[in-house]
S.K.: 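Structure incoming, see below.
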Amino acid sequence: MKFFVDTAEVNDIRELNALGLLDGVTTNPSLIKKSGRDFAEVVREICDEVEGPVSAEVVSLDYDSMIAEGTKLSELADNIAIKVPLTWDGLKACRTFSDQGKMVNVTLCFSANQALLAAKAGATFISPFIGRMDDLNLDGMQLIQDIRQIYDNYMFETEILAASIRTANHVSECALAGADVATCPPGVLRSLSSHVLTDKGLEGFLKDWEATGQKI
Ligand code: E4P
């Protein structure tokens, strides 16, 4: 499973990328607001840092304006994935961009039927929002499994990009369910290395090592 980071904070992106951990980046208008940075400037900087796809989202609701915005965004760098919402106009824009050979991430997916439409519209990525479903006591992980089954049934090449990930458990469950990508906040990616038994074991080893009085 590929790891994308879900942030517009360039320092976090740099640190995770230096570890060789990052396959791409996702941003959204809320993350841009949180960064306090100019949209085009920060996206360009992220694209310089990371080789993989960097999602940048359109903010218009009608087809013509989405095409104008997405075209502008795609000119920022070669690795831009234009993010469009899962609406009728968003799907139309997806088809146009896909026919032009551009990467498209169809976002805000909450049902298997939406995912089916996005695949038929030529989406590069479909983004089901796990955490937001869980917040409403809906089964986000079941949605990932359903999309996996549908895409495999018909050999769709659209990649399942599990989004709105909140916990380390979400990540392993997405991997088990066959998601192609998980986009995680930096804190969740860092938390994947932690285990209480690792900390406890290390503490014991270091105590015993100290007692030997040796040095390496
Ligand atoms: C994905 O592309 C979205 O930017 C993101 O995962 C949304 O996550 P949230 O529900 O935590 O805002």
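One-based numbering, in listed order, for ligands and for the atoms of each.
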S.K.: Just checking, Lys102 and Phe97: is the charged tip under 6.0 Å from the six-membered ring centre and within 45° of the axis?
M.R.: no

S.K.: Tell me the residues surrounding ligand 1, counting only those with a heavy atom closer than 4.0 angstrom, sorted by chain and number.
M.R.: Asp6, Thr26, Asn28, Lys83, Phe129, Arg132, Ala163, Ser164, Arg166

S.K.: Between Asn105 and Ser55, do the side chains contain a donor N or O and an acceptor N or O under 3.5 Å apart?
M.R.: yes

S.K.: With a 3.5 Å distance limit and no angle check, can you tell me whether Thr96 reaches the backbone of Lys92 through a side-chain donor-acceptor pair?
M.R.: yes

S.K.: Could you tabulate the donor-acceptor pairs under 3.5 Å formed by side-chain atoms of residues 44-54, not counting sequence neighbours?
M.R.:
{"unit_1": "Glu45", "atom_1": "OE1", "unit_2": "Arg37", "atom_2": "NH2", "d": "2.6"}
{"unit_1": "Glu49", "atom_1": "OE1", "unit_2": "Arg14", "atom_2": "NE", "d": "3.1"}

S.K.: Let me check something: any side-chain donor-acceptor pairs from residues 204-216 under 3.5 Å, sequence neighbours excluded? List them with distances.
M.R.:
{"unit_1": "Thr212", "atom_1": "OG1", "unit_2": "Trp209", "atom_2": "O", "d": "2.6"}
{"unit_1": "Thr212", "atom_1": "OG1", "unit_2": "Gln214", "atom_2": "N", "d": "3.2"}

S.K.: Distance-only check: which donor-acceptor pairs under 3.5 Å involve side-chain atoms of residues 107-122, not counting sequence neighbours?
M.R.:
{"unit_1": "Ser111", "atom_1": "OG", "unit_2": "Gln114", "atom_2": "N", "d": "3.1"}
{"unit_1": "Gln114", "atom_1": "OE1", "unit_2": "Phe110", "atom_2": "N", "d": "2.6"}
{"unit_1": "Gln114", "atom_1": "OE1", "unit_2": "Ser111", "atom_2": "N", "d": "3.2"}

